Amino acid sequence: MGRMIASRSTTAPAPSRTVRKAVVPAAGLGTRFLPATKATPKEMLPVVDKPAIQYVVEEAAAAGLDDILMVTGRHKRAIEDHFDHAFELEQALAAKGDTVRLDAVRDPARLADIHHIRQGDPLGLGHAVLCARHHVGDQPFAVLLGDDLIDPRETLLSRMLEVRERYAGSVVALMEVDPAQIHRYGCAAVEPAGEDGVVRVTGLVEKPAQGTAPSRYAVIGRYVLDPAVFHVLERTPPGRGGEIQLTDALQALAADGTVHGVVFDGLRYDTGDKADYLRTVVRLACTRPDLGPGFARWLREFVTELEESATGGRNGRRAA
């Protein structure tokens, strides 16, 4: 009897459903923060003592995403430098025995395997995601926007990865917002999915006109995307603002029933404009064990002095 020889399949292995890669779009011009962002990327503005983008990368790494692609633009070299080693600075801190600051300087480069690509022309979020196509390949991947910071104690991204594992397709993060504010966001039409906190997305509208939103569910800056989104994006024409909108591509996928949403009601911080940025800095500073107690105490005193000044108390004493 001849030997049995195992046949060798000529079919390519099926793509993995496990998500390991993340894309962080960071090519915007940051015009809302001028003149601060004339020479400094908006993503590098400090939130307490770390740039905003580091919070995003830490969130991705905490969820197990160890391969991160940053889609940047011209004048964004500071982002690359921040996530690289600074040998002279590290040597100086090591020589002083300052291990606390040395670890803080080294941490960004140790968070994940970080790559960079330039978008070239700022043609919208959809185009930025499309720039990641060759790096991502045919694997599912996460997209994290730098304007939305999720509190480190929350597990939104891990939850989204679980939903992707269970349902396949794409997953978006949703948050209920005041109907008067929904026009500032992408908005999702949804239906029940038979699971608490998870819905099926049946449609998406980018920044709907007042009174036309299909729901109160806003899409916030976290996505877990099926690679099928690339095929849709390459055929998606410019939409609102003359840009290629990721929302429009997800709308096409939602029509096939392959988009789910995770409803998030936890702590989210917005750094998209000056007022929200200032609120984010204050809120995160108050959560810090090394800064929070003293800062919160000063903040209460400051607010009291403001109120007294507004009502003419203490002879118009100025709050400082």
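In what follows, residues are counted from 1 in the order of the sequence shown. This is a predicted model, so every value here is computed, not measured.
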Looking at [X] and [Y], what are the two nearest heavy atoms and their distance?
X      : Y      : answer
Val172 : Val259 : CG1-CG1, 4.3 Å
Leu130 : Glu234 : CD2-CA, 4.1 Å
Val163 : His260 : CG1-CB, 4.3 Å
Ile68  : Ala112 : CD1-CB, 3.8 Å
Pro208 : Ile182 : CD-O, 3.9 Å
Ala193 : Val198 : CB-O, 3.6 Å

Pairwise side-chain contact, [X] with [Y], heavy-atom cut-off 4.5 Å (strictly under):
X      : Y      : answer
Leu156 : Ile220 : yes
Val282 : Leu278 : no
Gln139 : Val19  : no
Lys76  : Glu43  : yes
Pro25  : Val143 : yes
Leu161 : Leu65  : yes
Met70  : Val57  : yes
Leu69  : Val136 : no

Exam field: side chain [X] to backbone [Y], donor-acceptor pair closer than 3.5 Å:
X      : Y      : answer
Thr280 : Asp270 : yes
Thr247 : Gly186 : no
Thr212 : Ala209 : yes
Thr311 : Glu308 : yes

Around [X], counting heavy atoms of other residues, nucleotides and ligands shown, do more than 12 lie under 6.0 Å from its [atom1]?
X      : atom1 : answer
Asp98  : CG    : yes
Asp178 : CG    : yes
Lys50  : NZ    : yes
Arg74  : CZ    : no

Does the pair Thr236 and Gln245 meet the rule for a side chain to side chain contact (heavy atoms under 4.5 Å, CB included), with working shown? CA-CA 8 Å; Thr236 300; Gln245 299 289 347; over 6 Å; no
Side chain to side chain contact (heavy atoms under 4.5 Å, CB included), that's the test. Do Val129 and Phe230 meet it? Break it down for me. CA-CA 8 Å; Val129 172; Phe230 292 128; 4.1 Å; yes
Flag the pair [X] and [Y] as a salt bridge only when some basic side-chain nitrogen lies within less than 4.0 angstrom of an acidic carboxylate oxygen.
X      : Y      : value
Asp148 : Arg222 : no
Arg184 : Asp276 : yes
Asp103 : Arg110 : yes
Arg164 : Asp226 : yes
Arg283 : Asp151 : no

Interatomic distance, [X] atom [atom1] to [Y] atom [atom2] [nearest 0.5 angstrom]:
X      : Y      : atom1 : atom2 : answer
Ile117 : His134 : CD1   : NE2   : 8.0 Å
Leu34  : Lys42  : CG    : NZ    : 11.0 Å
Asp147 : Arg268 : CG    : CZ    : 9.0 Å
Thr287 : Phe295 : OG1   : CZ    : 11.0 Å
Leu45  : Lys274 : CG    : NZ    : 11.0 Å
Tyr223 : Leu125 : OH    : CG    : 5.5 Å

Assigning hydrophobic clusters by single linkage (Ile, Leu, Val, Met, Phe, Trp, Tyr; side-chain heavy-atom cutoff under 4.5 Å), is [X] placed with [Y]?
X      : Y      : answer
Val56  : Ile114 : yes
Leu145 : Leu29  : no
Val219 : Met160 : no
Val224 : Leu144 : yes
Leu157 : Val171 : yes

Only one of Asp66, Asp67, Asp113 passes side-chain hydrogen bond (donor to acceptor under 3.5 Å, both in side chains) with Arg20; say which it is. Asp66
Evaluation steps, side chain to side chain contact (heavy atoms under 4.5 Å, CB included), between Met175 and Tyr217: CA-CA 5 Å; Met175 177 175 272; Tyr217 287 112; over 6 Å; no
List the steps, then state whether salt bridge (charged side-chain N to carboxylate O under 4.0 Å, His left out) holds for Arg159 with Glu154. CA-CA 10 Å; Arg159 173 76 165 134; Glu154 303 287 355; over 6 Å; no
Determine whether the aromatic ring centres of residues Tyr277 and Phe33 are separated by less than 6.0 angstrom.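 Centroid separation for Phe33 and Tyr277: below 6.0 Å.
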Arg166 vs Glu195, test: side chain to side chain contact (heavy atoms under 4.5 Å, CB included). Steps then yes/no. CA-CA 12 Å; Arg166 190 154 54 254; Glu195 180 178 347; 2.6 Å; yes
Between His231 and Arg133, do the side chains contain an N or O donor and an N or O acceptor separated by less than 3.5 Å?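 Note: His231 and Arg133 side chains meet the donor-acceptor criterion.
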